[in-house]
Structure formats: C-alpha cells, structure tokens
Amino acid sequence: MSEPSHPRDGDFELVTLRNGHRAVRHLGHGEVMHPAVGPWQEALRLYVDQPGLADRLKQPGPPLVIHDVGLGAATNAVAALTRARDLGPDRARDLHVVSFEVDLAPLRLALADAEGFPFLQPFRDACEGLMKHGTWSEPGIHWELKLGDAVPFLESELPPADLVFFDPFSPASNPDMWTEGVLARVRRHCREDGEGALLMTYSAATPTRVTLLLAGFYVGAGVSTGTKGETTVASTRFESLAAPLGTRWLERWERSSSRAPHGGTLTPEVERRLRTHPQWR
C-alpha cells in the first residue's frame with residue numbers, strides 16, 4: 001500500500017489507499033487513519049454530518065463545544081471548522097473545538113502533502129497556529145490543542161462537550177484509550193442539559209459498546225462508513241439516539257464470545273451492571 005520512499009515523520013508515514021486517497025499510517029502497528037473511504041468522506045459522514053453539526057450551529061445558543069479525542073491529521077476537526085465557516089451569516093452560535101493529541105507528526109505530514117490532503121489547505125494557517133501556540137481563532141470559531149496524554153486533561157476542567165469525536169487508534173493498537181476509566185472521564189465532561197451530548201466513534205465492536213454502557217452512556221448504532229456496516233453513537237440522553245441498542249442486542253451479547261469491556265474482565269458485577277443499565281428500561 002506504500003513504498004519506503006513515502007514521506008515519514010517519527011512513527012508515521014503517508015500512504016496511498018487502493019481507492020487513491022492519501023492517508024497516514026503508523027509505522028509500529030501498521031494502522032491507517034480513516035482506511036475505508038478516505039479521511040475526508042469519513043470525517044464528514046461519521047463525525048460532522050451524522051450529528052447534524054450545521055443545523056446545530058444555525059440554532060442560537062452558547063458556543064457549541066466539540067471534544068476531538070484523537071486529532072491525528074486534523075481531518076475531523078477541520079471538517080467541523082469547514083462546516084462552521086461555510087455557514088457564513090447563517091451560523092447563529094460560535095464553535096469551540098478542543099482537540100486532544102499526543103503526537104503532531106500525522107498533522108505535519110498531511111500539511112506537507114497539499115495535493116493529497118486538499119481539504120486542510122483552507123485551514124493551513126489554523127493548523128500551523130494550533131501546533132505553534134496551542135490555540136487558533138477567527139470570528140465565531142475557536143480551536144485549542146491539548147498536547148500530550150489525554151487522561152490528565154480529562155481529569156482537569158474542560159468546557160462541557162455537546163459533541164465528542166472519539167477517534168483514537170483502535171483498541172488493539174491503543175488499548176489504554178478505550179477502557180471504562182477513560183470513557184467515564186470523557187462522559188463526565190459531556191453536557192447534561194438540553195439535548196445532552198453525542199459521542200461518535202468508528203468502532204461497532206461489542207466490547208466497545210459494552211465499555212460505553214458501563215461508562216454511563218446510552219448507546220446506539222451509527223452510520224456505515226465504507227466497509228463498516230455500522231459505527232457507534234453514544235449519548236448522555238436515551239432520547240437523543242436515532243437507533244438505540246435494544247433488548248435484541250442484549251440477547252446477542254449474552255451469547256457473544258466477546259462480552260467483556262475493553263481492558264476488563266467479565267465479572268458477575270459487570271454482568272449485573274450491564275443487565276440493569278437504564279438503556280433496557
């Protein structure tokens with residue numbers, strides 16, 4: 001999928017997918033960011049348009065806050081910024097994006113490949129300002145970076161999230177970010193009032209959904225992306241889910257060989273908590 005001569009930065013390299021899209025791959029575990037339909041289409045479909053970001057920004061109110069967990073090459077964040085900027089005078093509220101990232105190499109690589117990542121170019125100054133100063137703003141849009149291990153930031157004060165883009169590397173490659181403890185911290189920073197908050201992630205695996213439920217979310221099916229039949233949406237409010245998991249999912253979980261949460265074991269207490277979750281009431 002890539003040649004040794006392809007640009008590299010630290011633990012990452014640029015690759016060309018079979019469909020012609022450019023993407024970033026980790027040299028250690030080999031995982032590719034947004035591998036199915038390419039980064040831009042996945043970002044728009046899964047993280048930005050699925051929760052109706054544009055419509056939310058048309059409704060007057062306080063700043064809409066996104067917690068972007070796993071900045072990567074900034075595709076998800078820039079997709080949100082693009083939707084906000086494109087609304088122009090129709091935007092009735094500000095957008096505030098908080099991105100979490102431990103390594104800026106993917107973003108540096110993507111910015112250096114203007115042909116492969118053209119969607120980043122309108123926000124090149126924003127990306128460079130973010131990397132240099134940790135923050136960037138224009139009228140009505142504010143973007144800030146939490147650089148380093150996400151967990152300490154998730155233990156500090158953050159603006160309550162309306163939306164969470166949960167996009168770290170997979171549980172197999174980055175297991176520490178998918179535990180109940182981490183997702184519970186993410187949950188504590190979600191908005192409780194109004195419509196609550198939505199979390200979008202590409203993983204539809206049973207352990208992912210189990211972990212989200214144990215962390216205090218309600219959980220539903222999300223849109224398909226490329227080769228994935230569906231993804232996952234979690235919420236602080238059951239009513240905000242378009243396709244909530246039901247008792248049929250619980251019955252399948254009972255028969256599954258992957259019943260434990262990420263990073264945990266299936267104890268009688270875990271089983272009790274899952275079966276008595278308010279999702280099924």
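All residue numbers refer to positions in the sequence shown, counting from 1. The model shown is predicted, which means the values in this text are computed figures rather than measured ones.
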**Study point:** Stepwise salt bridge (charged side-chain N to carboxylate O under 4.0 Å, His left out) check, Lys58 with Asp90
**Key:** CA-CA 6 Å; Lys58 292 178 183 178; Asp90 291 333; 5.6 Å; no
Quick check: do [X] and [Y] have side-chain heavy atoms less than 4.5 Å from each other?
| X | Y | value |
| --- | --- | --- |
| Lys132 | Leu130 | no |
| Ser173 | His26 | no |
| Leu199 | Val233 | no |
| Leu64 | Leu53 | yes |
| Cys127 | Val78 | yes |
| Trp280 | Leu245 | yes |
| Val186 | Leu154 | yes |
| Tyr47 | Thr75 | no |

Check your understanding: What residues, two or more places apart in sequence or in another chain, satisfy side chain to side chain donor-acceptor pair (under 3.5 Å) together with Arg272?
Key -> Glu269
Review point. Residues in side chain to side chain donor-acceptor pair (under 3.5 Å) with Ser240, at least two apart?
Key: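 Applying side chain to side chain donor-acceptor pair (under 3.5 Å) to Ser240 gives none.
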Review point. Where does the angle between the aromatic ring planes of Phe12 and Phe169 fall among parallel (under 30°), tilted (30 to 60°) and perpendicular (over 60°)?
Key: parallel
Check your understanding: Taking the inter-plane angle between the rings of Trp253 and Trp249 on a 0 to 90° scale, is it parallel (under 30°), tilted (30 to 60°) or perpendicular (over 60°)?
Key ->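 Trp253 and Trp249: parallel rings.
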**Study point:** Main-chain N/O of Ala197 paired with Ser235 side-chain donor or acceptor, under 3.5 Å
**Key:** yes
Exercise for review: Would you sort out whether Arg185 and Glu155 count as a salt bridge (charged side-chain N to carboxylate O under 4.0 Å, His left out), showing the intermediate values?
Suggested key: CA-CA 7 Å; Arg185 290 177 176 88; Glu155 293 173 343; 3.0 Å; yes
For the residue pair [Y] / [X], report whether a side-chain donor-acceptor contact shorter than 3.5 Å exists.
| X | Y | value |
| --- | --- | --- |
| Thr16 | Arg22 | yes |
| Thr211 | Trp178 | no |
| His262 | Thr208 | yes |

**Study point:** side-chain hydrogen bond (donor to acceptor under 3.5 Å, both in side chains) between His96 and Glu144, intermediate numbers included
**Key:** CA-CA 8 Å; His96 183 179; Glu144 64 177 291; 2.7 Å; yes
**Study point:** Crowding at CD, Glu115 (>12 non-hydrogen neighbours, <6.0 Å)
**Key:** no
Exercise for review: Assert yes or no for the condition that the ring centre distance of Tyr218 to His277 is strictly below 6.0 Å.
Suggested key: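 So the answer is yes for these two rings.
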Would you call [X] and [Y] a salt bridge, taking side-chain N to carboxylate O under 4.0 Å as the test?
| X | Y | value |
| --- | --- | --- |
| Arg83 | Asp49 | yes |
| Glu192 | Arg187 | yes |
| Arg124 | Glu128 | yes |
| Asp162 | Arg191 | yes |
| Arg273 | Glu180 | yes |
| Glu101 | Lys146 | no |

Check your understanding: Please walk me through it: do Leu163 and Val65 pass side-chain contact (heavy atoms from CB on, under 4.5 Å)?
Key -> CA-CA 7 Å; Leu163 301 175; Val65 176; over 6 Å; no
Practice item. Start with the C-alpha distance between Arg255 and Glu251, add both sets of side-chain angles, then the distance that settles salt bridge (charged side-chain N to carboxylate O under 4.0 Å, His left out), and finish with yes or no. Key: CA-CA 7 Å; Arg255 302 189 299 269; Glu251 291 167 359; 5.0 Å; no
Point to revise | For Ala260, all residues meeting side-chain contact (heavy atoms from CB on, under 4.5 Å), sequence neighbours excluded | key: Leu266
What pair of heavy atoms forms the shortest contact from [X] to [Y], and how long is it?
| X | Y | value |
| --- | --- | --- |
| Ala80 | Val48 | N-CG2, 3.7 Å |
| Pro168 | Asn174 | CB-ND2, 3.8 Å |
| Thr231 | Val223 | OG1-O, 2.7 Å |
| Thr206 | Ser256 | CG2-OG, 4.3 Å |
| Val24 | Ala73 | CG2-CB, 4.4 Å |
| Val182 | Met177 | CG1-O, 3.5 Å |

**Study point:** cation_pi(Arg209, Phe217) dist<6.0 Å, angle<=45
**Key:**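 So Arg209 doesn't make the cation-pi contact.
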Practice item. May I have the step-by-step check of side-chain contact (heavy atoms from CB on, under 4.5 Å) for Leu147 and Phe100, ending in yes or no? Key: CA-CA 6 Å; Leu147 182 60; Phe100 301 80; over 6 Å; no
Practice item. Might you work through the side-chain hydrogen bond (donor to acceptor under 3.5 Å, both in side chains) test for Trp143 and Thr135, ending with a clear yes or no? Key: CA-CA 6 Å; Trp143 190 12; Thr135 185; over 6 Å; no
Practice item. Start with the C-alpha gap between Val32 and Leu17, add the side-chain angles, then the distance that decides, and say whether side-chain contact (heavy atoms from CB on, under 4.5 Å) holds. Key: CA-CA 9 Å; Val32 177; Leu17 304 177; 3.9 Å; yes
Exercise for review: Kindly compute the distance separating SG (Cys190) from CG (Leu198), expressed to the nearest 0.5 Å.
Suggested key: 9.0 Å
Exercise for review: Output, in order, the C-alpha distance, side-chain angles, deciding distance and verdict of side-chain hydrogen bond (donor to acceptor under 3.5 Å, both in side chains) for Ser170 and Glu31.
Suggested key: CA-CA 8 Å; Ser170 73; Glu31 194 164 318; 2.8 Å; yes
